[in-house]
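Just below is one structure, and these are the notes that go with it.
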Amino acid sequence: MTTVADELRAVAADAGVTAWVSAHRIGEPESAVSWQEDVPVPMASLYKLPLALGWAQLVTEGGLDPLAPVLLSPENRSPGLTGVAMLLDEVRISQRDAVRLMLAVSDNACSDLLLRLVGRERLARLLSETGLADVEVRHGSAESLRIIQRETGATDPALAERALASPDVDVTTSEYDAALASAATAAGICRVLDALWRRSGPAYDLVRDAMAHQAWRHRIGSGFPHDDVVVHGKTGTLARLRHEAAVVAFPGEQPVAVTVLTRAARAERHLPRVDAAIGELARIAVGPLRRATETAHPAR
Amino acid sequence: MDLIRHLRFFLAVAEERHFGRAAASLGMTQPPLSQGLGRLEQRLGVRLFDRDARGVRITPAGRSLLPRAEELVGSADAFLTDAAAWSVEPVLRVGLAADLEHLVGVLVATRAGLECEVRPVVAGSAELVDEVKGGALDVAVVRHPGVADGVVVGPVHTLATSVAAQQETDLRTTALPVVVPPRRWHPAAHDQLVDSLRRIGHSGRVLEVADTLARQALVAVGHAVGVRPGCGDGEGSAPPLRFRVVQPVPADRQPGLDHERAAAGLEQALAAIGLSA
């Protein structure tokens with residue numbers, strides 16, 4: 001008999017990736033389907049999910065004002081390919097809009113701003129109190145880019161990215177090392193999603209809504225190409241690392257949190273086959289967990 | 001604790017009644033010997049020697065335990081001698097990626113730099129990595145890129161290639177398919193080759209054929225072209241193929257073989273193929 005783990009392994013092997021997968025129904029972490037789910041993996045931009053959780057908790061407790069405006073000038077904000085990070089001029093933005101851009105388009109400038117506001121140590125404490133000690137945010141996007149540039153000897157982030165994409169040299173960086181980069185287990189990231197979905201309040205509503213607006217559907221979304229299935233996702237990409245964590249909601253069914261982390265054997269920047277395999281891995285993991293909302297609560 | 005090793009310390013000090021001389025007789029320095037003996041005494045909960053300004057004296061407990069220790073160390077030595085008589089000369093099991101089959105002779109002729117029998121295995125790279133991981137192969141040359149978790153990987157060797165064809169063929173314009181080993185043998189490397197073929201302008205099919213002779217036959221009768229590493233004709237019309245030497249992590253290595261030297265020998269052979277291309 002083919003087990004789910006066999007299927008996950010076969011898809012990962014076919015795509016030429018190492019994969020770490022975890023999925024469970026929201027509110028039922030014991031319902032897990034998983035593959036190498038307890039291995040810490042550098043999480044790339046997925047660190048923005050625990051950061052959003054910490055921000056929402058601080059807002060809910062009154063420690064941060066979601067409407068407070070912040071000035072982001074080109075000189076003191078992080079570079080990036082999307083959102084405010086790609087703009088040319090000064091931007092004045094509220095904290096909650098920064099959260100929307102961080103989650104919908106993975107805006108590095110907004111993410112680093114929010115990490116400064118929440119504070120790395122305060123975030124670590126909040127995560128640890130939530131039982132998420134295996135989710136470790138060690139630094140933000142700008143620092144990550146600086147590290148890669150320093151280690152590849154590149155003069156700008158684009159050249160560093162190109163160095164890591166060389167097919168002829170096995171270029172490596174400490175950002176691939178779970179002990180040095182921001183890192184988490186696939187199971188840990190699923191528990192971040194679980195907390196975001198189970199907690200109530202305007203700040204958590206805002207985080208969930210921003211994730212529904214994610215710009216990309218080429219990874220987990222590609223495994224659920226159905227117009228009536230809602231995928232609230234967040235991708236993370238750093239050279240050979242391609243990740244996504246999402247909550248998949250079929251109408252009339254309990255939502256399922258799923259995290260797929262991958263490291264490709266190929267170094268090239270565009271690997272559509274790997275993106276599609278992430279959708280396939282998510283679909284295989286979510287399948288056995290699908291359950292109608294009514295039967296999930298027989299007591300009601 | 002390695003009991004036999006620590007008992008050797010005990011015997012040496014009992015024999016020499018002097019730490020410096022005992023250490024010299026064991027070919028070591030005094031501090032690790034003293035520490036080792038201390039550990040043994042702690043582990044046994046028994047003081048074996050009294051040390052003071054006048055020297056080292058064996059305790060009554062030490063004297064009483066000494067014959068048993070001599071017996072144990074003697075048995076261990078006899079055991080190792082007997083085992084050595086049963087051991088056979090190690091055979092170096094070398095894996096070679098299917099694309100290198102025409103170079104098996106060259107690669108094996110280097111004998112990987114070792115004076116021992118070499119047994120080559122030609123297979124798909126994913127399978128070779130799995131076998132190296134389990135220690136069933138001692139070293140392998142595999143296609144890169146490919147997932148290589150749990151093995152030690154060497155640097156990437158990029159080998160120029162030439163088009164193997166019945167008559168001179170330009171990959172950009174030919175309608176002939178390119179025949180290669182099956183994708184599942186090395187999915188990432190296969191995809192990279194296909195992407196490169198598309199990039200240079202080949203728009204024909206890519207035929208996956210497992211059997212070496214069948215691939216050669218298709219080329220010989222002019223039904224397909226092949227991509228051969230290490231015999232570049234300088235045209236640069238065929239994309240390069242990439243390889244890596246992989247070996248087991250130290251815990252999985254067959255004893256009695258110099259894996260690092262075997263790997264280095266294959267690295268050199270690969271580099272030479274690259275240069276001759």
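Throughout, a chain's letter reflects where its sequence line sits, starting with A, and its residues are numbered from 1.
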Discussion item. For a quick test of reading the model, state the closest non-hydrogen atom pair linking Val156(B) to Asp168(A) and the distance between them.
Written reply: CB-O, 3.3 Å
Would you say [X] has more than 12 foreign heavy atoms packed within less than 6.0 Å of its [atom1]?
X	atom1	result
Arg253(B)	CZ	yes
Leu81(A)	CG	no
Gln42(B)	CD	no
Arg198(B)	CZ	yes

Worksheet item: Considering only heavy atoms, which portion of Arg242(B) lies under 4.5 Å from any heavy atom of chain A: side chain, backbone, both, or neither?
Response: side chain
Item to complete: Please look at Asp191(B) and chain A and tell me whether the side chain, the backbone, both or neither of the residue comes under 4.5 angstrom of a heavy atom of that chain.
Response: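 It is both, since atoms from each part get that close.
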Discussion item. Tell me if a side-chain donor or acceptor on Arg183(B) pairs with a main-chain N or O of Asp14(A) at a distance below 3.5 Å.
Written reply: yes
Worksheet entry | Per-residue contact mode, Ala12(A) against chain B (heavy atom under 4.5 angstrom) |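 The answer is neither part of Ala12(A).
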Fill in: Interface residues of residues 257-281 of chain A facing chain B - non-hydrogen atoms under 4.5 Å apart
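Near chain B, by residue number: Arg263(A), Ala265(A), Arg266(A), Glu268(A), Arg273(A).
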Worksheet item: So which of Pro145(B), Ala189(B), Pro155(B) has the largest heavy-atom pair count under 4.5 angstrom toward chain A?
Response: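 Ranked by contacts with chain A, first place is Pro145(B).
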Fill in: NE2-CG distance between His144(B) and Asp170(A), expressed to the nearest 0.5 angstrom
5.5 Å
